[in-house]
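Everything below concerns the one structure shown next.
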Amino acid sequence: MTGDLMHNSDHASGDSQPSRDPAAQPDGSDSRIEACWGRVNQRMRKDIGDAAWRSWIKPLRVSRLEDGTLTLEADSTLARERVSSQYADRLRVISAAEFGDVVSTIRHIEVRLASVVGRPTNAPRRLSGQAATSPASAAPSMATPRDPKDEATAGLDPRYTFANFVVGKPNELAFAVARRAAESTHVAFNPLFLYGGVGLGKTHLMHAIAWHIRAQNPSRKVMYLSAEKFMYRFVRALRFRDTMSFKEQFRSVDVLMIDDVQFISGKDSTQEEFFHTFNALVEDGRQVIISADKSPTDLEGMEERLRSRLGWGMVADIHPADYELRLGILQSKAEKAPVDIPDKVLEFMAHRIVSNVRELEGALNRILAHAMLVGRAITIDSTAELLADLLRASSRQVSVDAIQKQVAAHYGVRLSEMFSARRSRDIARPRQIAMYLAKNLTSLSYPDIGRQFGGRDHTTVMHAVKTIENLANNDARINEDLTLLKSLIGS
Ligand code: ADP
Ligand code: MG
């Protein structure tokens with residue numbers, strides 16, 4: 001991964017002929033590039049939704065592909081700015097994967113204006129000018145608080161640095177944008193919204209941003225706090241009629257990070273205050289960084305205007321760690337451990353503990369503690385024994401696939417109807433029940449579930465969940481069905 005992910009071309013160009021790096025792609029033809037770009041489009045459309053895709057991504061054209069840079073052309077300054085600030089990282093990650101058979105890698109996305117005509121009068125912002133550096137070399141070396149009373153570093157875990165963060169496909173985008181937010185001296189996207197399930201590294205990345213800024217740019221005032229703490233302080237300020245200094249305290253920072261913002265769901269006056277603080281900072285050009293367990297659209301109990309405002313900047317999701325990433329994390333932590341852990345044991349753990357990184361770390365710590373205590377070599381057998389509870393919990397993880405099969409069998413409909421477009425009641429109802437169960441028995445988000453039901457929109461899933469919830473309250477038979485299905489699926 002390089003720090004130099006993309007830059008905004010400040011010269012418009014009339015050159016729209018795709019030109020490619022001959023060394024990197026001996027037989028890359030235009031049609032292959034078009035095919036790759038087509039796949040990138042499909043994935044972007046799924047990721048960011050139809051409306052955003054239509055407005056911003058669909059009108060883009062590939063202009064050239066050279067030296068690891070994919071140059072795209074936009075029709076307007078607005079489109080160029082928007083794509084650069086909001087979609088370039090995602091485009092880069094997806095393009096790197098989809099252009100795999102044409103070039104070995106894509107390191108930058110450059111967006112330029114389609115023609116010299118219409119060149120903007122205001123000089124475009126350069127979004128990232130850093131030279132390529134490896135994450136490890138650029139990360140602060142265990143930055144320690146300069147001033148122990150300093151609020152910015154008081155609650156920060158010194159282990160949570162970029163250098164200690166293992167990057168893989170599932171967290172690549174979040175890592176890239178977090179680094180950019182940490183490295184830029186101006187606001188690249190506002191807010192930066194990081195979301196993902198519990199234990200996947202959101203807090204780690206936020207602390208890493210704070211450490212990085214502390215080390216590289218100590219004059220920037222960073223404030224990190226959990227949404228819970230934000231609320232606590234707000235309530236206290238209300239009680240002591242001291243809301244003025246409460247506001248002051250937040251509104252004087254350059255970078256405000258609020259962790260686990262879902263905490264203020266349903267807490268109306270805190271939300272209101274947060275919304276005002278948020279707007280004041282954004283209007284003032286300060287960077288706001290938010291984390292949550294769900295995407296802005298999926299945050300229930302949040303006021304609509306706040307939800308939509310939260311999604312305006314850069315939204316980056318962290319997916320559950322896949323096998324490679326789990327193994328990578330275990331290896332990196334095992335390297336620093338005082339006892340030796342055989343590769344086979346690490347592989348075994350990476351295979352079997354799939355829930356989240358926090359649990360993976362916990363498991364590793366347990367193994368290490370035991371090894372140091374009893375001084376015996378670590379084997380797969382001893383590991384399995386020590387981690388018996390965790391391994392059982394992991395194998396109980398429910399998949400959407402299992403839910404769909406069970407529900408289809410229960411109602412006597414074909415499994416394929418779970419993905420089909422047919423809407424007749426006898427098919428739609430079981431499908432809604434399956435969506436409801438998927439929401440309740442897995443940690444997947446609405447969009448994730450929608451994708452697993454034939455690419456349906458997240459609003460369809462939300463509607464299904466609501467419908468079944470209502471039915472379950474009023475219809476004893478449905479309620480019974482649900483209880484039965486849950487027990488069948490969970491066992
Ligand atoms: P979240 O805030 O998303 O619930 P955390 O940031 O608290 O998760 O991460 C849980 C634990 O897992 C932390 O100890 C963190 O250091 C570790 N962790 C998560 N992702 C990674 C990663 N990619 N590389 C190294 N450690 C990680
Ligand atoms: Mg956290």
Side-chain angles (χ1 to χ4, degrees), residues 1 93 134-136 138-140 142-143 153-179 181-182 192-212 223-232 256-265 289-296 298-299 315-337 341 346 349-350 353-369 390 394 443-445 448:
M1 171 94 33
V93 170
S134 80
M142 276 302 209
T153 47
L156 298 179
D157 189 320
R159 292 166 306 168
Y160 292 180
T161 59
F162 285 126
N164 286 341
F165 192 83
V166 181
V167 185
K169 277 231 154 49
N171 58 23
E172 190 177 22
L173 179 69
F175 176 80
V177 294
R179 274 195 68 87
L192 166 56
F193 190 101
L194 297 171
Y195 78 93
V198 62
L200 298 183
K202 302 181 294 294
T203 299
H204 188 135
L205 281 177
M206 290 182 114
H207 288 202
I209 294 172
W211 285 125
H212 191 94
M223 188 185 268
Y224 165 89
L225 76 169
S226 63
E228 186 177 3
K229 212 171 222 159
F230 180 90
M231 183 177 98
Y232 173 75
L256 176 66
M257 296 195 245
I258 305 275
D259 204 352
D260 288 319
V261 82
Q262 74 276 358
F263 182 83
I264 61 170
S265 293
I289 303 174
I290 310 278
S291 87
D293 62 351
K294 296 189 191 70
S295 77
D298 287 346
L299 281 175
V315 177
D317 43 354
I318 309 187
H319 297 275
D322 54 15
Y323 173 74
E324 281 78 22
L325 181 57
R326 295 197 296 271
L327 186 60
I329 290 170
L330 285 172
Q331 280 168 342
S332 109
K333 297 198 188 283
E335 270 166 24
K336 297 173 197 136
I341 307 176
L346 296 180
M349 289 172 66
I353 300 169
V354 299
S355 49
N356 65 49
V357 181
R358 186 172 298 143
E359 199 152 294
L360 202 59
E361 274 188 336
L364 186 65
N365 288 340
R366 208 191 284 182
I367 303 293
L368 289 172
L390 287 178
S394 269
S443 53
L444 296 172
S445 68
D448 285 339

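Quick note: numbers below take in every heavy atom, side chains included, and nothing from hydrogens, waters or symmetry partners. Both counts, for ligands and for their atoms, begin at 1 and track the order of listing.
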- Message: Can you tell me if His207 contacts ligand 1 (heavy atom of the residue under 4.0 Å from the ligand)?
- Response: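 No heavy atom of His207 comes that close to ligand 1.
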- Message: Less than 4.0 Å is my threshold; does some heavy atom of Gly196 fall inside it relative to ligand 1?
- Response: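 Gly196 does not count as a contact of ligand 1 under the 4.0 Å cut-off.
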Below the 3.5 angstrom mark, is there an N/O of [X], backbone or side chain, next to an N/O of ligand 1?
| X | result |
| --- | --- |
| Val166 | yes |
| Phe165 | no |
| Val167 | no |

Do [X] and [Y] make a side-chain contact, defined as non-hydrogen atoms from C-beta onward lying under 4.5 Å apart?
| X | Y | result |
| --- | --- | --- |
| Ile258 | Ile264 | no |
| Lys169 | Leu325 | no |
| Ile341 | Leu368 | yes |
| Glu361 | Lys333 | yes |
| Asp260 | Lys202 | yes |

Return the residue, atom name and 0.1 Å-rounded distance of the protein heavy atom closest to [atom].
| atom | answer |
| --- | --- |
| atom 2 (O) of ligand 1 | Thr203 OG1, 2.7 Å |
| atom 7 (O) of ligand 1 | Arg358 NH2, 2.8 Å |
| atom 25 (C) of ligand 1 | Asn164 O, 3.3 Å |
| atom 15 (C) of ligand 1 | His204 ND1, 3.4 Å |
| atom 4 (O) of ligand 1 | Gly199 N, 2.7 Å |
| atom 11 (C) of ligand 1 | Glu361 OE1, 3.4 Å |
| atom 8 (O) of ligand 1 | Gly201 N, 3.0 Å |
| atom 26 (N) of ligand 1 | Lys333 NZ, 3.5 Å |

- Query: Just which atoms of ligand 1 are under 4.0 Å from any heavy atom in Val198?
  - Reply: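 Ligand 1 atoms under the 4.0 Å threshold to Val198: 4 (O).
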- Sub-4.0 Å atoms of ligand 1 with respect to non-hydrogen atoms of Val357: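 Close to Val357: 12 (O), 17 (C), 18 (N), 19 (C), 20 (N), 21 (C), 27 (C).
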- Which bit of Asn171 is near ligand 1, meaning a heavy atom under 4.0 Å away: side chain, backbone, both or neither?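 Within the 4.0 Å criterion, Asn171 contacts ligand 1 through side-chain atoms alone.
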- Message: Strictly under 2.8 Å, is the Mg ion (ligand 2) approached by any N, O or S atom of Met206?
- Response: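 No N, O or S atom of Met206 is closer than 2.8 Å to the Mg ion (ligand 2), so no.
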- What is the distance from atom CZ of Phe162 to atom NE2 of His204, rounded to the nearest 0.5 Å?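 Phe162 CZ to His204 NE2: 8.5 Å, rounded to 0.5 Å.
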